[in-house]
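Taking it in order: structure first as structure tokens, then the write-up.
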There are 2 protein chains.
Amino acid sequence: MSSTQVRPSQREAQKARTRRALLDAGLSLLEHQSLSSLGLREITRAVGVSPAAFYRHFRDVADLGVALVEDSLGALHGVVTSGLAERSEDGDRIDHSVEAIAAFVREHPEHIRFVVRERRGGVAAVRVAIGAQLDRFADEVAQVLADDEISRDWSADDLRMLGETYVDHMVMTASAFLEAAQGEGPDEAAVARTARRQLRLISLGRRHWTSTD
Amino acid sequence: MSSTQVRPSQREAQKARTRRALLDAGLSLLEHQSLSSLGLREITRAVGVSPAAFYRHFRDVADLGVALVEDSLGALHGVVTSGLAERSEDGDRIDHSVEAIAAFVREHPEHIRFVVRERRGGVAAVRVAIGAQLDRFADEVAQVLADDEISRDWSADDLRMLGETYVDHMVMTASAFLEAAQGEGPDEAAVARTARRQLRLISLGRRHWTSTD
DNA sequence: GCAGTGGGCGCACAACTGTTTACTGAAGTA
DNA sequence: TACTTCAGTAAACAGTTGTGCGCCCACTGC
């Protein structure tokens, strides 16, 4: 089996560059529409490349969409795990989490928009890809939570449920920050406040949890 | 000012029938795609009507989308308020709420799919319409919660936040039920169990809530 | 240096899109 | 009965779409 080349050879470096351009153009074109209405020619036109060139990189637009999922959630992955790892007193932890989400949205708004929009979007393959990634997040969060003193006698099942809850809340909050950034809905401070209070609500429920059924 | 006719005159009855047909066809075509990729001709073809006839009823496809929002969330509106009004012991109330959502999804899957998909979808006007409706839901839920003994000394602000939390949770749960119905993800029973436990978590947090900041 | 690989191009193709136009004919009005 | 209204039609418009074909030519490995 041939491993990946150590010296990328400017041929495939160029190929990778075009691929990136296609991905970037696609992502930015998705600001005002959804993937299922994004045209192949639209993308190549934005990059300045012939339509036929597209097929050298992706089977179709949906395929590019799947690639974008890895792109978008890969970056978030690092933030979540490293952010959760650092532990501190409860209130601070909530503040830091919310601020981390806010910062990520500020830095990568298009990625967040893409994920949030296509999570329930019209392209099945992309929906599945996003779902799988978020499932992984939920697992990892549950893993971290398991080491907390509070959830000493929680069942794996309950922990998993809690992990899902946190991930869903994270996505919702990110989406709300995004809307705030583009002037729709409440402003960033208000979103942050709501998010913090919701997390406090969950945190309280967590402290008084008793496993049944 | 001329009021709406009491005797609908078969002319406008026919018009209304075509309009309904367009709405229904549109909704069912949205099962496997999103609104921004739904074509005007696609709809009229499904109804068996000429493309130009579409303009007698809607300005464009986005306009039809907005009409679909009223259609979809109007039905849900009755369920939510009447369902919440009946009060009982805490556990039962959770069970009933979750079952009510499950039942609604079973009866109107396409409506739920539409709302969930287009809530963050590519058509701004539709996003706004859905957001406004869900905001109203949140208000109403907060209103009902205000009369609970538990939230005796809650601020209006905290109640509103809790209302949003419940509405978001409802939408998420409905979406999960929908996925279950079409074989993706966990089955209906598992979704219901998760939803119940999440509600119990929130309920616990609620009982121990103390307003700060 | 030379044969071979492969990313990108230009062009053509048929199929489709949204929108406008002038029209028809049934239903409503007086 | 004669006159108006208007939902729906048919046809044409200029653009656009995805995809396949053969060709080029900078780069690669020998």
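Here is how names work: the chains are called A, B, and so on, in the same order as the sequence lines, proteins then strands, and each is numbered from 1.
With rounding to whole Å, A:Glu12 atom CD is found 9 Å from D:dT28 atom P. Rounded to whole Å, atom C1' of C:dC16 lies 16 Å from atom CG of A:Leu40. In this structure, CD of B:Gln14 is placed 15 Å from C1' of C:dG28, rounded to the nearest angstrom. Rounded to whole Å, the distance from CZ on A:Arg17 to C1' on D:dA26 is 13 Å. Between the P atom of C:dG25 and the CZ atom of B:Arg11 lies a distance of 15 Å, rounded to the nearest Å. Spacing between atom NZ of A:Lys15 and atom C1' of D:dT28 amounts to 15 Å, rounded to whole angstrom units. Between the P atom of C:dG7 and the CZ atom of A:Arg20 lies a distance of 18 Å, rounded to the nearest Å. Note: CG (B:Leu38) to P (C:dC16) measures 16 Å, nearest angstrom.
Taken to the nearest 0.5 Å, the CG atom of A:Leu22 stands 12.5 Å off from the CG atom of A:Leu27. Here A:Phe104 contributes atom CZ and A:His108 contributes atom NE2; the two are 4.5 Å apart, rounded to the nearest 0.5 Å. The distance from atom CZ of A:Arg119 to atom CZ of B:Arg120, rounded to the nearest 0.5 Å, is 10.0 Å.
Because its NZ or CZ atom is not both nearer than 6.0 Å to the ring centre of A:Trp209 and within 45° of the ring axis, B:Arg197 does not count as a cation-pi partner of that residue.
In this structure, the side chain of A:Thr194 engages the main chain of A:Ala190 through a donor-acceptor pair within 3.5 Å. The closest donor-acceptor contact from the side chain of B:Arg117 to the backbone of B:Ser34 lies at 3.5 Å or more, if one exists at all.
In this model, no side-chain donor or acceptor of A:Arg41 finds a partner on the base of D:dT16 within 3.5 Å.
Annotation: proximity of residues 49-63 of chain B to DNA chain D (heavy atom, distance under 4.0 Å) is found for B:Val49, B:Ser50, B:Ala52, B:Ala53, B:Arg56, B:His57, numbered in ascending order.
Among the atoms of the strands shown, only primed sugar atoms or phosphate atoms (P, OP1, OP2) are found under 4.0 Å from some heavy atom of A:Arg45.
At the phosphate of D:dG8, OP1 or OP2 sits under 4.0 Å from a side-chain N or O atom of B:Thr18.
For residues 58-72 of chain B, the set of pairs meeting the side chain to side chain donor-acceptor pair (under 3.5 Å) definition, not counting sequence neighbours, comprises B:Arg20-B:Asp71, B:Glu70-B:Gln133, B:Ser72-B:His111.
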